[in-house]
Colleague: 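First the structure, then my questions, so here it is.
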Amino acid sequence: MQAIAPQSGEGSQPFEMVWTSKTRRRYGMRPDGPAYRVPSTAAAEQHFTAEFPEGAVVSRLTYPDRQDFPKKLREFLDQLPQHAAFDMLSHSQATVEIFLRQGQAQFTQLALSPRDRELTILTTASATDCAYEFTQHVPISASVGVSDAVRDAIKRKDFNAPELPGDDRAIIRFVAAVIAAPTVSDEIFSAVKERLTPREILEIMQVTGFYWSFGRVCTVLDVEVEKDHGDAVIDASRRMQVPAQ
């Protein structure tokens with residue numbers, strides 16, 4: 001983006017502008033983001049073309065303010081680490097908790113092993129070109145035994161790479177095929193069926209669908225790619241209160 005040029009006359013001296021949460025939301029910025037150096041408040045209001053730091057993104061929708069949410073929803077979201085993508089999902093107040101509860105279940109209640117879950121998520125992120133999703137799951141996948149070589153093969157979409165163990169390749173090819181077309185070949189399905197139970201196969205498909213949807217929120221709406229949060233979401237998922245029946 002082109003930086004705002006200094007203007008002559010009153011208010012022309014650059015200064016470190018303090019963005020209020022209201023102003024940040026107007027321009028699609030996270031309420032807790034850094035300040036940006038611009039020539040003047042007036043110039044910023046009229047021409048928001050300030051040069052962002054490397055990697056910064058202006059989302060296509062503004063991030064909602066949690067203070068505008070019902071108390072019950074705020075209390076639920078407060079149990080999770082703040083993610084730009086979670087904030088964006090919160091535009092749909094009626095569905096965000098239901099959606100994220102599914103993510104909680106995938107971290108805490110699957111028969112599918114954590115390693116196979118992470119292979120599924122990484123493959124979904126790679127196949128759908130979702131950098132946000134892939135970045136967040138680098139440390140999570142490493143913590144459950146996914147090697148750098150396997151992760152790098154997934155990242156470059158080499159789903160038949162020789163460094164992929166046979167069980168990993170079966171899962172990765174299955175996930176990629178589920179994303180690519182409405183049906184999966186007998187060869188690909190047989191390979192995964194030999195290795196996993198029916199429950200695990202269904203869980204792979206559900207994890208794939210969840211992260212496809214999550215990833216498209218990130219890619220279509222230009223959600224900023226944040227530094228990874230490590231295992232914070234998994235830890236929070238284990239601590240989160242189960243909703244009353």
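All figures in this text were calculated on a predicted structure; none of them were measured in a lab.
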Colleague: Give the minimum heavy-atom separation between T135 and D228, together with the two atoms involved.
Modeller: O-CB, 3.5 Å
Colleague: Tell me which pairs pass ring pair (Phe, Tyr, Trp, His ring centres under 6.0 Å) where either residue lies in residues 94-125, with sequence neighbours left out.
Modeller: F99-F210
Colleague: For the CG atom of L122 and the CD1 atom of I140, what is their distance to the nearest 0.5 Å?
Modeller: 9.0 Å
Colleague: If every non-hydrogen atom of S90 is compared with every non-hydrogen atom of L77, which pair is closest and at what distance?
Modeller: OG-CD1, 3.6 Å
Colleague: Taking all non-hydrogen atoms of both residues, which atom of F86 and which atom of V96 are closest, and how far apart?
Modeller: O-CG2, 4.5 Å
Colleague: May I have the step-by-step check of side-chain contact (heavy atoms from CB on, under 4.5 Å) for V192 and I201, ending in yes or no?
Modeller: CA-CA 8 Å; V192 80; I201 291 172; 4.3 Å; yes
Colleague: Hey, does K72 have a side-chain heavy atom less than 4.5 Å from the side chain of E97?
Modeller: yes
Colleague: For residues 151-191, which residue pairs qualify under ring pair (Phe, Tyr, Trp, His ring centres under 6.0 Å), counting only residues two or more places apart or in two chains?
Modeller: none
Colleague: Any idea which heavy atoms bring H229 and Q136 closest together, and the distance?
Modeller: N-OE1, 3.0 Å
Colleague: Can you run down the ring pair (Phe, Tyr, Trp, His ring centres under 6.0 Å) pairs that involve residues 128-158, sequence neighbours left out, and say none if there aren't any?
Modeller: H137-Y211
Colleague: Drop me the distance from D158's CG to I172's CD1, to the nearest 0.5 angstrom.
Modeller: 10.0 Å
Colleague: Give a yes or no answer on whether the side chain of E226 reaches the backbone of A84 with a donor-acceptor pair at less than 3.5 Å.
Modeller: yes
Colleague: Donor-acceptor pair, distance only, cut-off 3.5 Å: does the side chain of H91 make one with the backbone of T62?
Modeller: yes
Colleague: To the closest 0.5 Å, what do you measure between CD (Q109) and CD (Q102)?
Modeller: 11.5 Å
Colleague: State, with a plain yes or no, whether a side-chain heavy atom of M88 is found less than 4.5 Å away from one of S59.
Modeller: yes
Colleague: What I'd like to find out is whether the side chain of I234 reaches to under 4.5 Å of the side chain of R239, using heavy atoms alone.
Modeller: no
Colleague: Does any pair with a residue in residues 190-205 pass side chain to side chain donor-acceptor pair (under 3.5 Å), and if so which ones, sequence neighbours excluded?
Modeller: D167-R195, T197-E200, R199-E203
Colleague: Check for me, please, whether I98 and F214 land in the same ILVMFWY cluster - side-chain distances under 4.5 Å, paths through other members count.
Modeller: no
Colleague: To the nearest 0.5 Å, how far apart are CG in L89 and CG in L100?
Modeller: 6.0 Å
Colleague: Given the rule in the side chain to side chain donor-acceptor pair (under 3.5 Å) test, do S213 and R216 qualify, once you have shown the distances and angles that lead to the verdict?
Modeller: CA-CA 5 Å; S213 176; R216 280 295 170 260; over 6 Å; no
Colleague: Which salt bridge (charged side-chain N to carboxylate O under 4.0 Å, His left out) pairs, counting each pair once, include a residue from residues 103-127, with sequence neighbours left out?
Modeller: R115-D168
Colleague: Has R60 got a side-chain atom pairing as donor or acceptor with D222's backbone, closer than 3.5 angstrom?
Modeller: no
Colleague: Following the transitive rule for hydrophobic clusters with a side-chain heavy-atom cut-off under 4.5 Å over Ile, Leu, Val, Met, Phe, Trp and Tyr, establish whether L202 and I188 coincide in one cluster.
Modeller: no
Colleague: Does the salt bridge (charged side-chain N to carboxylate O under 4.0 Å, His left out) test come out yes or no for D152 and K155, once each step is laid out?
Modeller: CA-CA 5 Å; D152 288 346; K155 186 175 183 179; over 6 Å; no
Colleague: State, with a plain yes or no, whether a side-chain heavy atom of I171 is found less than 4.5 Å away from one of L196.
Modeller: yes
Colleague: Show the nearest heavy-atom pair for residues E163 and A153, with the distance to one decimal.
Modeller: OE2-CB, 4.0 Å
Colleague: Taking the side chain as C-beta and beyond, is there a heavy-atom pair between E133 and C218 under 4.5 Å?
Modeller: no
Colleague: Please find the pair of heavy atoms, one from L164 and one from R169, that lie closest to each other, and give the distance.
Modeller: O-NH2, 2.7 Å
Colleague: Provide the full list of salt bridge (charged side-chain N to carboxylate O under 4.0 Å, His left out) pairs with a residue in residues 176-189, sequence neighbours left out, each pair given once.
Modeller: R173-E187
Colleague: Would you please test R238 and D231 for salt bridge (charged side-chain N to carboxylate O under 4.0 Å, His left out) and show each step?
Modeller: CA-CA 11 Å; R238 292 169 178 156; D231 287 334; over 6 Å; no
Colleague: Test your reading of the model: is there a side-chain donor-acceptor pair from T124 to the backbone of T120, 3.5 Å cut-off?
Modeller: yes
Colleague: Side chains of T208 and T123, heavy atoms from C-beta outward: is any pair under 4.5 Å?
Modeller: no
Colleague: Are S141 and R151 close enough that a side-chain donor and a side-chain acceptor fall under 3.5 Å?
Modeller: yes
Colleague: Does the pair D78/K71 count as a salt bridge with the N-to-O cut at 4.0 Å?
Modeller: no
